[in-house]
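Quick notes on the structure that follows.
Chain identifiers are assigned alphabetically (A, B, ...) following the order of the sequence lines, protein sequences preceding nucleic acid strands; residue numbering begins at 1 within each chain.
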Amino acid sequence: MGKVIVITSGKGGVGKTTTTANIGAGLASLGNKVCLVDTDIGLRNLDVVLGLENRIVYDLLDVVEGNCRLRQALIKDKQYGENLVLLPAAQTREKDAVKPEQMLELVKELREMYDFVLLDSPAGIEHGFKNAIVGADAAIVVTTPEVSAVRDADRIIGLLEAAELYEPQLIINRVRPDMVRKGDMMDISDIDDILRIKILGVVPDDEDIIVSTNRGEPIVNDKRSKAGQAFRNICRRILGEEVPFLELQERKMLNWFKKILSGEAR
Amino acid sequence: MHSELCSIKGNRDGLVITIMDSARFSEVLTTLDRQLKSAQSFFAGASAKVMLKQGELGPEQLDSLEQLLAVYGMTLDREPPRLQQPVSEKLAVERPERQERGYEPENTLLVRRTIRSGQSLHYDGNVVVLGDVNPGAEVICTGDILVLGSLRGVAHAGAEGEVDATVFAFRLEPTQLRIAHLIARAPDGKVTKPAGPEVARIVGNTIEVSIYNH
Ligand SMILES: Nc1ncnc2c1ncn2[C@@H]1O[C@H](COP(=O)(O)OP(=O)(O)OP(=O)(O)O)[C@@H](O)[C@H]1O
Ligand SMILES: [Mg+2]
């Protein structure tokens, strides 16, 4: 039976969809069967990041309303085929068109079919959040190293804990080592000091992500890209491997990573 | 009333005989005699100091007091010139602070987790947090607040006007701190991090933060 992971954030635009696509592609390339579910009803974009927009016939709402069979709605990825599929979000209906009970049913069915079910959730704490977390076993919280994003991440962690989704893990996205070094950006230890949840990965800010997104190909398998490397490491950690953190050309951070790895930091 | 005239009490310094007014010294002696008699040999071997709330005691009066005490196997400690010191002040120094407080909430809530952004805790009594109070979170209670972690959100102790309420944290870096009717906010810009546990309380008309030492 597969594992269901929700990818969420407090603040919008911090990289949930990018993260979902890259973890999905990364896990698939490591030999797992993965299903991505876009629960962001109304603002569908996982299909765009994966370059699958033009193949959508049915969506999540069609499935829960019985307009089609589940398998009919699942879109196979260009590169990974059967091993990476997308269940697209409904585009036109209102946010509360899908009920949490329906979502739970759907997720139950998907976890029987796949090793990993990744739920890309809408930002924030509204109805969509409830829908996204209802069937999940684990949660990944994405934040950027900004005070407001961290604050909102903290809020989401509180809500996840209240929903009994304990021990969410953190991805810090769009880190700029040059800015951290100058003291213009929160460093990893500042963020950890507040959120105090396990850090699953740190992804550098990388222009190539924008290029890859426009091309509809996740960056995770681009061997030259630091962000791609970071996502590959995240995938291996999800699979239970101990992978040292990337050195983002930043000494202070590196030392700190060594500390977490040796268990000193907590 | 005789009972108000004088009293014998043991405290951590030994035995203290408090005399309200030296002008009624003969009455004091009679009362003391009766009190010592009823205490049987309870005070035998003890050395007693005298505290005077009002008036003065001459050497002759001290002599007669000494003689009276001797009857009950006690000695008089004439040394420290403690006369004249008002009893109430003395007590204020000697007693732990809490007993001075007019209002002491009985209830204490133990919170075994971090209070995160957007979460708000209201309680009638004291609150102890075994975790952090994060930025964007608030704790409001009628008594004291103790955070065994970092306090970075908003804390309001003594929310119903108790000016003796305190806020303690291992790392006291609140966004805003309120005690009773007073409000203090974090200074703007970068702040040096506190080195250790600190406690905030009202001193005069402001909230003051000091390093915690018990
Ligand atoms: N590490 C990165 N480096 C550079 N750009 C990035 C990075 N991560 C994300 N982006 C860009 O940031 C933008 C927002 O990313 P994304 O759509 O993944 O965020 P989101 O959290 O899903 O947003 P929403 O809350 O709207 O769903 C995109 O344009 C994406 O290409
Ligand atoms: Mg998104």
- request: Find out whether the Lys NZ or Arg CZ of R237(A) is both under 6.0 angstrom from the six-membered ring centre of F245(A) and within 45° of the ring's axis.
  value: yes
task: State which residues pass salt bridge (charged side-chain N to carboxylate O under 4.0 Å, His left out) with R174(A); sequence neighbours excluded, sorted by chain then number.
output: D205(A)
query: Of the listed residues (V150(A), D152(A), D154(A)), which shares the most heavy-atom pairs with chain B below a 4.5 Å separation?
result: D154(A)
Sequence neighbours excluded - ring-ring contact (aromatic ring centres under 6.0 Å, His included) pairs with any residue from residues 109-159 of chain B: none
- request: Mind ranking G149(B), S150(B), A137(B), P135(B) by heavy-atom pairs under 4.5 Å with chain A and telling me who comes out on top?
  value: P135(B)
field: Region of D193(A) that comes under 4.5 Å of a non-hydrogen atom in chain B
entry: both
- request: Could you tell me whether the side chain of L5(B) reaches within less than 4.5 Å of the side chain of L32(B), counting heavy atoms only?
  value: no
